Amino acid sequence: MEEIKAKSIDQATQEILRKAKEENIKTAWERLEAQQPQCGFGQLGLCCTICNMGPCRIDPFGEGAQMGVCGANQDTIAARNLARKIAAGAAAHSDHGRDVAETLSLMAKGQAHDYAILDIEKLKALAEEFDIDTHRNEKEIVQELARKLLAEFGRQEAELVFLTRAPKKRQAIWKKLGILPRGIDREIVELLHTTNMGVDNDYRNLITTSLCCALSDGWGGSMVATELQDIILGSPQPVRGKVNLGVLKKDYVNVVVHGHEPILSEMAVKASQDAELIKLAKSKGAQGINLAGICCTANEVLMRHGIPVAGNFLQQELAIITGAVEVMMVDAQCIMPALKEVASCFHTKLITTNPKARFPGVIHIEFHPEKAYEVAKEIIKLAIENFSNRDKDRVDIPKQEVDLVSGFTKEIIFQILGGRYRASYKPLNEAIISGRLRGVAGVVGCNNPKQTHDYFHTTLVKELIKNDVLVLQTGCSAIASAKQGLLIPEAAEAYAGKGLKEICEAVGIPPVLHLGSCVDNSRILTAASQIIAEGGLGEDLSDLPAAGCAPEWMSEKALAIGFYFVASGIYTIFGASPFPILGSKNLTDYLTSGLEQLIGGRFEFCADPLKMARLMLEHIDKKRQALNLRPVMYA
Ligand code: SF4
Ligand code: MSK
C-alpha cells in the first residue's frame with residue numbers, strides 16, 4: 001500500500017496500479033525499477049556517442065579520462081548532448097505546426113473538405129500580421145496565409161514574423177545576441193550541425209545556438225500550431241469538463257485519443273457523435289460511444305468540446321488496464337511503446353494513425369486530412385465492433401472523475417478580465433500593480449515515474465495560489481491540477497490567498513487557468529507580451545513579476561520549452577531531476593547563473609516542490625521591488 005502511495009498521489013492511479021500488480025502487468029514504474037541503477041554517466045551528461053571513435057565517458061571524480069578520444073571535455077560533451085535534445089524537442093513541436101499549416105494549405109486547394117475556417121476573426125488578424133490584404137475572398141486569404149506560414153519553416157533570411165509580438169526591448173536583446181531565429185527548420189538544422197563531432201566546442205556558444213533554436217519553437221513552430229488550430233478547429237472558450245479514469249464508462253464503447261495532434265481527434269469527436277455510429281454501438285449492446293483523451297490530444301479536445309480527460313502521461317497504460325477501453329488511437333509524441341504490450345493483455349485495439357509514429361505489429365490506419373472524417377469513422381467503427389470482446393469480469397473503472405473548467409486562451413483572459421466592452425489586460429496589470437495579485441506563474445510539463453505522480457505539480461500550484469500568484473497551466477501539469485480540483489472557480493475559496501480569491505470571485509474564474517496543450521505554451525508568451533504592452537509592469541518580459549516551472553518534466557520538448565521561456569527572459573525552474581548536465585560545473589553554473597546577465601532569464605533546479613514555490617515567490621518579489629510596486633496587499 002505504502003509502495004503504491006509513493007508512486008502517485010492520485011487515488012484512481014493507485015487503484016489501477018493495485019490491479020496491475022494483481023494481474024502481473026508491468027507499467028512504467030516497474031520498468032523504471034528494472035532500470036536501476038541508471039547510468040551515472042548519462043545522468044551527469046558525461047557520455048558521448050556522437051562519433052564512432054566513442055562512446056566516450058568522462059570520469060566525474062577526476063581520476064580517469066577527462067577527455068573523449070577527440071579531446072572533447074565535459075563541458076563540450078554535456079552541452080552538445082543538451083543541445084541535441086533541445087533540437088529534437090523543437091523539431092517535434094514545430095513539425096506538428098507544419099502539419100497543421102499543410103492542412104490549411106489543403107483546405108485552400110479544396111482538398112480537405114472536412115475542415116472549415118471556424119475563427120474568421122483570428123484568420124484575418126493573423127493574415128494582417130503576415131501583411132496579407134484581407135479585403136479578398138476567404139479562399140485567397142487562406143491560400144496566401146498557408147503559403148506564408150509554411151515559408152516560415154524554410155525561411156533563410158530575416159526573422160520569424162511572430163517575433164514581432166514580443167516587446168521591443170526583448171527583440172533588441174535577441175538582435176544584440178544574434179539569436180533572432182530565421183527559418184524554423186534552419187535553426188533546428190544549424191543546432192544539430194554545431195553539435196557534430198569537431199564543430200562547436202564552446203559550451204557557451206552551444207547554449208546561444210540552443211536558445212535561438214528554442215525561440216524558433218516557442219515563437220515559431222508552436223505558435224503556428226496554436227494559432228492555426230484555433231482558426232481551423234475553433235478558438236477555445238471556457239468550457240466545463242471532467243477528468244480522471246472515472247470518465248471511462250462501463251456500458252459504453254470507450255475510445256481514448258492520445259498524443260498531441262488534434263487534427264484527427266477533432267474528427268473522432270464528430271464521429272463519436274454520429275447518429276448512425278451511436279445506433280450501431282447500441283445494436284452491439286452498448287449505451288453509446290464515450291470518447292476520452294490522454295495527454296495533450298486530450299487537452300485539445302477538452303478545450304474545444306469539453307471532451308473528458310482520462311488522465312495525464314503516466315495514466316496512458318492505466319486507462320487500458322481498466323479493461324474498459326475498446327480502442328486507443330494515437331497520433332504522435334509521448335506515446336509509450338509499452339502500450340502494445342499492455343493492450344495485448346486486454347481486448348483493447350491500439351491504433352496508430354501517423355506515418356511518423358508507427359509500432360511494429362500494431363494496427364495502422366493512416367490519417368490524411370483529405371479523408372479525415374472517413375478515417376475517424378473507420379476507427380470508431382472498429383471500437384464498436386470490439387465492444388463484444390470486452391471481458392466484463394476484468395473491467396475495473398475507478399470512480400474518480402473531477403469537475404474542471406478549461407479553455408482559457410490569451411484572448412479569453414483578455415475578455416474575462418476586462419469585460420466584453422472594454423476587453424483588456426488592464427485589470428490584471430492593476431491587480432499586480434496594487435499588490436492584490438503577487439504575480440503570475442506558468443506551470444507546465446509532464447509526469448515522470450522518478451517522482452511521485454502529480455505530487456510535485458499540485459503541491460507547487462497550491463503553494464503558489466495560496467500566495468496570491470495566478471497560475472497558468474498547460475499539458476499534463478494542467479491535468480494533474482484538474483484531478484485535485486484546482487481548475488474550478490470554487491478552488492479559489494478553498495486554496496487561494498485573499499487577493500487572488502477576490503479576483504477569481506469577481507470574475508468567476510478558477511485560480512489556476514488551463515491554457516491548453518504543450519504547443520499552447522506559446523499562448524503564455526503572447527499573453528505575457530500583451531501584459532507588457534498594457535503598461536505599468538516594465539518594458540520587457542524579464543521585468544514581469546512572473547516565473548515558469550516544469551515540476552515533473554521528462555520530454556525533450558520540455559527542454560525546448562524551458563529554453564524558450566528563459567530566452568524570453570523568464571526565470572524557469574525544472575523540478576526533481578535536473579538537466580543531465582551536472583557533470584559539467586561550468587555549464588551548470590552558466591545555465592543557473594551566468595545566463596541571466598546575458599538574456600534576463602535563467603534556470604534553477606530544485607527537488608522540493610515547496611522550495612520551488614518559495615524560489616518562484618522570491619523571484620516574483622524581487623521583480624516587484626525592481627518595478628517599485630506596492631507591497632503585496634495581503635502578505
Ligand atoms: Fe568521443 Fe569525441 Fe566521438 Fe564524442 S565526438 S564519441 S567525445 S571521440
Ligand atoms: S503530453 S510533452 S508528457 S506535458 Fe504534451 Fe504531457 Fe509532457 Fe507529453
Side-chain angles (χ1 to χ4, degrees), residues 28 41 45-59 65-81 83-85 88-90 92-93 96 194-201 206 217 222 225-226 257-262 265 293-300 302-303 309-317 330-336 357 442-449 451 453-454 456-457 473-482 514-522 549-562 574-575 583-584:
F41 293 100
L46 294 180
C47 173
C48 182
T49 59
I50 281 175
C51 91
N52 204 29
M53 292 189 284
C56 300
R57 322 184 289 192
I58 303 294
D59 179 356
Q66 293 302 298
M67 279 182 189
V69 177
C70 67
N73 65 13
Q74 68 272 31
D75 301 335
T76 302
I77 291 175
R80 278 194 313 215
N81 288 341
R84 287 190 161 207
K85 291 180 198 300
H93 285 147
H96 168 172
T194 63
T195 64
N196 251 243
M197 186 265 151
V199 185
D200 197 355
N201 297 308
L206 279 158
D217 171 2
S222 283
T226 296
V257 292
H258 173 24
H260 279 78
E261 301 182 350
S265 43
I294 294 270
C295 278
C296 278
T297 295
N299 286 320
E300 300 278 7
L302 164 72
M303 292 270 282
V309 177
N312 49 8
F313 177 69
L314 278 178
Q315 290 178 291
Q316 56 186 287
E317 297 174 274
V330 300
D331 49 78
Q333 302 171 21
C334 301
I335 301 150
M336 287 192 196
V443 183
V444 309
C446 327
N447 301 133
N448 186 330
Q451 287 96 53
H453 171 232
D454 290 351
F456 284 74
H457 290 298
Q473 286 203 279
T474 59
C476 292
S477 187
I479 300 175
S481 291
H514 184 332
L515 267 71
S517 64
C518 296
V519 292
D520 292 335
N521 283 313
S522 60
C549 187
E552 299 178 24
W553 75 284
M554 65 86 200
S555 169
E556 289 168 324
K557 294 176 289 170
L559 289 173
I561 295 166
F574 272 63
S584 163

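Remember, it's a predicted structure, so these values are computed and weren't measured experimentally. Every number for a ligand or one of its atoms is a count from 1 in the order of the listing.
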Item checked: atom 3 (S) of ligand 2 - nearest protein heavy atom and its distance -> C446 CB, 3.4 Å

Next item on the list: May I ask you to list the atoms of ligand 1 that are less than 4.0 angstrom from any heavy atom of G68?
Entry: 7 (S)

Next item on the list: Output yes when a side-chain donor or acceptor of N81 lies under 3.5 Å from a complementary backbone atom of A78, and no otherwise.
Entry: no

Item checked: Interatomic spacing from CD1 in I479 to CD1 in I294 - rounded to 0.5 Å -> 7.5 Å

Notebook entry, point to check: Distance from C295 atom SG to I335 atom CD1, nearest 0.5 Å?
Noted result: 8.5 Å

Next item on the list: Check for a donor-acceptor pair, side chain of T195 on one end and backbone N or O of R84 on the other, with a separation under 3.5 Å.
Entry: no

Item checked: ligand 1 atoms in contact with M53 (distance to a heavy atom under 4.0 Å) -> 8 (S)

Next item on the list: Could you list which atoms of ligand 1 come closer than 4.0 Å to a heavy atom of C56?
Entry: 1 (Fe), 6 (S), 7 (S), 8 (S)

Notebook entry, point to check: Which residue owns the protein heavy atom closest to atom 6 (Fe) of ligand 2, what's the atom, and how far is it?
Noted result: C476 SG, 2.2 Å

Note to self: Between Q66 and N73 (side chain of the first, backbone of the second, donor and acceptor by atom type, cut-off under 3.5 Å), is there such a pair?
What the structure shows: no

Next item on the list: Would you mind listing which atoms of ligand 2 come within a distance below 4.0 Å of any non-hydrogen atom of G445?
Entry: 4 (S)

Checklist line | Taking atom 3 (Fe) of ligand 1 as the reference point, the nearest protein heavy atom with its distance | finding: C51 SG, 2.4 Å

Check: Does even one non-hydrogen atom of R80 get within less than 4.0 Å of ligand 1?
Finding: yes

Next item on the list: Answer yes or no for S517: is there a heavy-atom contact with ligand 2 below 4.0 Å?
Entry: no

Check: Between the side chain of N448 and the main-chain N/O of W553, is any donor-acceptor distance below 3.5 Å?
Finding: yes

Item checked: Over all atoms of both residues, closest heavy-atom pair of P551 and V444 -> CD-O, 3.3 Å

Next item on the list: Could you list the atoms of ligand 2 found under 4.0 angstrom from a heavy atom of F313?
Entry: 3 (S)

Check: To the nearest 0.1 Å, how far is atom 2 (Fe) of ligand 1 from its closest protein heavy atom, and which atom is that?
Finding: C70 SG, 2.3 Å

Check: Which atoms from ligand 2 have a heavy atom of C295 less than 4.0 Å away?
Finding: 1 (S)

Next item on the list: Check whether any side-chain N or O of S481 sits under 3.5 Å from a backbone N or O of A478 as a donor-acceptor pair, and report yes or no.
Entry: no

Notebook entry, point to check: Does ligand 2 have any atom that is closer than 4.0 Å to a heavy atom of M554?
Noted result: yes

Check: Is the side chain of E552 donor-acceptor paired with the backbone N or O of H457 at a distance under 3.5 Å, no angle test?
Finding: yes

Note to self: List ligand 1 atoms under 4.0 Å from C48, heavy atoms only on the residue side.
What the structure shows: 4 (Fe), 5 (S), 6 (S), 7 (S)

Note to self: Distance check, rounded to the nearest 0.5 Å: Q451 atom CD versus L314 atom CG?
What the structure shows: 9.5 Å

Checklist line | Heavy atom of the protein closest to atom 8 (Fe) of ligand 2 (residue, atom name, distance) | finding: C334 SG, 2.2 Å

Next item on the list: Identify, by name, the N, O or S atom of H260 lying closest to atom 5 (Fe) of ligand 2.
Entry: NE2

Notebook entry, point to check: When rounded to the nearest 0.5 angstrom, what distance separates CG in N447 from OG in S477?
Noted result: 8.5 Å

Check: What's the SG-atom 5 (Fe) of ligand 2-SG angle here (C296, C518), rounded to 10 degrees?
Finding: 90°

